[in-house]
Amino acid sequence: AASDVYKRQDIMKTFSYTVMEELGIHARPAGMLAKTAKTFESEIVLEKSGRSVNVTKLMALMTMGVKCGDTVTVKISGPDEESAAEVIEKFFNENL
């Protein structure tokens, strides 16, 4: 069973995060997040309330209307998903 879990994680990295930034994901952190995400080959998707956007698309990210207290799910899949997940999760913890 442990190897099945490992295989599943191998396909995609996922984490949930509750936004603490009082302005939510507004222009400055959204821009920083998009710029950070563009440094990876993996696709990085943010999901909230059944909607999802690629975080490299700044305008799409801002139209999600993520506010303080909202919980979002981030899904990362691709060749460098391990390092991308680490960096993106750290970004959320430090900036949002």
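These figures come from a predicted structure and were not determined experimentally.
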Answer yes or no: is there a donor N or O on one side and an acceptor on the other, between the side chain of [X] and the main chain of [Y], under 3.5 Å?
{"X": "Asp80", "Y": "Phe40", "value": "no"}
{"X": "Tyr17", "Y": "Phe92", "value": "yes"}
{"X": "Ser42", "Y": "Glu81", "value": "yes"}

Next item on the list: List the steps, then state whether side chain to side chain contact (heavy atoms under 4.5 Å, CB included) holds for Thr73 with Phe15.
Entry: CA-CA 6 Å; Thr73 300; Phe15 69 90; over 6 Å; no
Check: Are Val87 and Ile76 co-members of a hydrophobic cluster defined by side-chain heavy atoms under 4.5 Å apart?
Finding: yes
Notebook entry, point to check: Met20, Val72: one ILVMFWY side-chain cluster at the under-4.5 Å cut-off?
Noted result: yes
Next item on the list: Given side chain to side chain contact (heavy atoms under 4.5 Å, CB included), test Glu47 with Val45 step by step and report yes or no.
Entry: CA-CA 7 Å; Glu47 293 183 349; Val45 174; 4.2 Å; yes
Checklist line | Beyond-backbone contact of Lys90 with Glu94, side-chain heavy atoms, under 4.5 angstrom | finding: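 Yes, close enough: below the 4.5 Å cut-off.
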Next item on the list: For the residue pair Thr56 and Ile44, establish whether any side-chain heavy-atom pair is separated by less than 4.5 Å.
Entry: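 SC-SC contact between Thr56 and Ile44 ruled out.
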Item checked: Qualifying salt bridge (charged side-chain N to carboxylate O under 4.0 Å, His left out) pairs with a residue from residues 16-34, counting only residues at least two apart or across chains -> none
Donor-acceptor pairs under 3.5 Å, side chain of residues 57-70 to any protein atom, not counting sequence neighbours: which ones?
unit_1	atom_1	unit_2	atom_2	d
Thr63	OG1	Ala60	O	2.7
Asp70	OD2	Lys67	N	2.8

Notebook entry, point to check: Say you draw a straight line from OG1 of Thr14 to CD of Glu89; how long is it, rounded to the nearest 0.5 Å?
Noted result: 10.5 Å
Notebook entry, point to check: Could you give the distance from CG (Leu46) to CG (Asn54), rounded to the nearest 0.5 Å?
Noted result: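 These two atoms lie 10.0 Å from each other.
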Check: Which heavy-atom pair separates Gly24 from Val19 by the least distance, and what is that distance?
Finding: CA-CG1, 3.9 Å
Next item on the list: Run the numbers on Val55 and Ile88 for side chain to side chain contact (heavy atoms under 4.5 Å, CB included), then give the verdict.
Entry: CA-CA 10 Å; Val55 299; Ile88 298 298; 5.6 Å; no
Note to self: Does Met32 form a side chain to side chain contact (heavy atoms under 4.5 Å, CB included) with Asn95? I'd like the steps, not just the answer.
What the structure shows: CA-CA 9 Å; Met32 289 164 46; Asn95 298 286; 3.5 Å; yes
